[in-house]
Every structure is written in structure tokens, then in C-alpha cells.
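All remarks here apply to the structure that follows.
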Amino acid sequence: MLVLYVCTPEDTSLKAMSTALLVALGDPFAGKATHYVQMIRVRKLMDELGVIMVILDEVQHIFDGRSKNVIKTAAQFIKNLENNLKRPIVLSGMRSN
């Protein structure tokens with residue numbers, strides 16, 4: 001697996017985002033553990049599977065009808081994800097309005 005495709009969940013919490021990454025990576029225990037522990041598993045699995053790029057689709061879920069705090073948290077998650085994984089992340093999606 002070179003490119004990891006992840007559909008951004010409508011619930012843009014940190015836990016939902018890290019769970020979505022683990023589901024896309026095929027982790028059988030994707031919803032288990034805290035967000036922090038999940039992200040350790042995400043990095044390990046990406047290294048093991050040879051993922052070199054991540055595509056986050058449906059990113060409009062981060063913005064549509066969300067508060068500024070939720071948008072800020074999601075944006076920080078994406079920034080930290082890229083910094084920690086040291087892989088490019090492509091954001092894709094369209095606003096519904």
C-alpha cells in the first residue's frame with residue numbers, strides 16, 4: 001500500500017479521525033484505545049505497510065456547520081499528523097454550500 005485513502009468522518013473529533021485512519025489501514029482494533037495510543041498504531045502501521053502519502057477525502061465535514069473550536073482542532077490534527085508522519089497529506093472535498 002503506497003497511498004492511504006481515508007474518508008473523513010462526519011464526526012470530526014480527534015478520536016474519530018484517528019479511528020478512521022486505523023480502519024483504512026486495516027487495524028482490527030481500530031476503535032480501541034485513546035486517540036494518543038491510536039496515533040502510535042497509525043504511525044507503526046504506515047511504516048509497516050510502506051505508506052508514502054495520505055489522501056483525506058470529504059474534508060468538508062470538518063467545516064460544514066462546525067464551531068470555530070472544532071475547525072481549529074481538526075486543522076491542528078491534520079498539521080500534527082503531517083508533522084508526525086513525515087508524509088504528504090492531500091486534502092480533498094467540496095463545501096456543501
Side-chain angles (χ1 to χ4, degrees):
M1 173 186 305
L2 295 176
V3 177
L4 179 67
Y5 172 86
V6 181
C7 187
T8 303
E10 289 186 32
D11 169 15
T12 56
S13 69
L14 296 177
K15 174 98 179 202
M17 295 287 284
S18 54
T19 298
L21 286 162
L22 286 169
V23 167
L25 288 163
D27 186 322
F29 305 105
K32 306 292 183 194
T34 64
H35 163 69
Y36 176 77
V37 171
Q38 285 181 320
M39 291 309 298
I40 292 170
R41 290 197 336 245
V42 165
R43 178 146 192 197
K44 182 179 180 213
L45 283 168
M46 284 190 179
D47 288 343
E48 289 174 3
L49 295 171
V51 173
I52 60 170
M53 183 172 71
V54 178
I55 297 174
L56 292 179
D57 197 6
E58 302 294 328
V59 175
Q60 75 274 6
H61 292 309
I62 293 171
F63 304 103
D64 289 344
R66 305 290 181 203
S67 70
K68 287 183 182 180
N69 286 339
V70 170
I71 292 170
K72 182 179 177 183
T73 299
Q76 287 174 335
F77 170 81
I78 292 167
K79 176 185 168 228
N80 290 334
L81 180 66
E82 186 169 30
N83 288 340
N84 289 327
L85 298 179
K86 296 179 178 28
R87 293 165 172 86
I89 299 175
V90 176
L91 305 179
S92 143
M94 298 177 63
R95 293 197 72 170
S96 59
N97 353 17

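The structure presented is a predicted model; accordingly, all values stated were derived computationally and were not measured.
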Do any pairs count as a salt bridge (Lys or Arg N to Asp or Glu O under 4.0 Å) and have a residue in residues 44-60, sequence neighbours left out, and if so which ones?
-> Lys44-Glu48, Asp47-Arg87

Is it the case that one hydrophobic cluster holds both Tyr5 and Val23, taking links as side-chain heavy atoms less than 4.5 Å apart, direct or via other members?
->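 Looking at the clustering, Val23 is in a separate group from Tyr5.
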
Met39, Val37: one ILVMFWY side-chain cluster at the under-4.5 Å cut-off?
-> no

Please round to the nearest 0.5 Å and tell me the distance separating atom [atom1] of [X] and atom [atom2] of [Y].
{"X": "Leu4", "Y": "Leu25", "atom1": "CG", "atom2": "CG", "answer": "4.5 Å"}
{"X": "Leu45", "Y": "Ile40", "atom1": "CG", "atom2": "CD1", "answer": "12.0 Å"}
{"X": "Ile89", "Y": "Ile55", "atom1": "CD1", "atom2": "CD1", "answer": "11.0 Å"}

Qualifying residues under side-chain contact (heavy atoms from CB on, under 4.5 Å), relative to Pro88, sequence neighbours excluded |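 Partners of Pro88 by the side-chain contact (heavy atoms from CB on, under 4.5 Å) criterion, ordered by chain and then number, come out as Met53.
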
With sequence neighbours left out, write down each residue that passes side-chain contact (heavy atoms from CB on, under 4.5 Å) with Ser13, or none if nothing qualifies.
-> Asp11, Lys15, Ala16

Between Val6 and Ala24 the two heavy atoms that sit nearest each other are CG2-CB, 3.7 Å

Side-chain donor/acceptor pairs under 3.5 Å, residues 76-85, sequence neighbours excluded:
unit_1, atom_1, unit_2, atom_2, d
Asn80, ND2, Gln76, O, 3.2
Asn83, ND2, Lys79, O, 3.4
Asn84, ND2, Asn80, O, 3.1

Contact check, side chains of Met46 and Val42, non-hydrogen atoms, under 4.5 Å =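 Yes, close enough: below the 4.5 Å cut-off.
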
Which residue pairs pass the side-chain hydrogen bond (donor to acceptor under 3.5 Å, both in side chains) test with at least one member in residues 23-35, sequence neighbours excluded?
->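 Every side-chain hydrogen bond (donor to acceptor under 3.5 Å, both in side chains) pair that includes a residue of residues 23-35, provided the two are not neighbours, is Ser18-His35, Asp27-Arg41.
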
Using side chain to side chain donor-acceptor pair (under 3.5 Å) as the criterion, list what pairs up with Thr19, not counting sequence neighbours.
->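 Partners of Thr19 by the side chain to side chain donor-acceptor pair (under 3.5 Å) criterion, ordered by chain and then number, come out as Gln38.
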
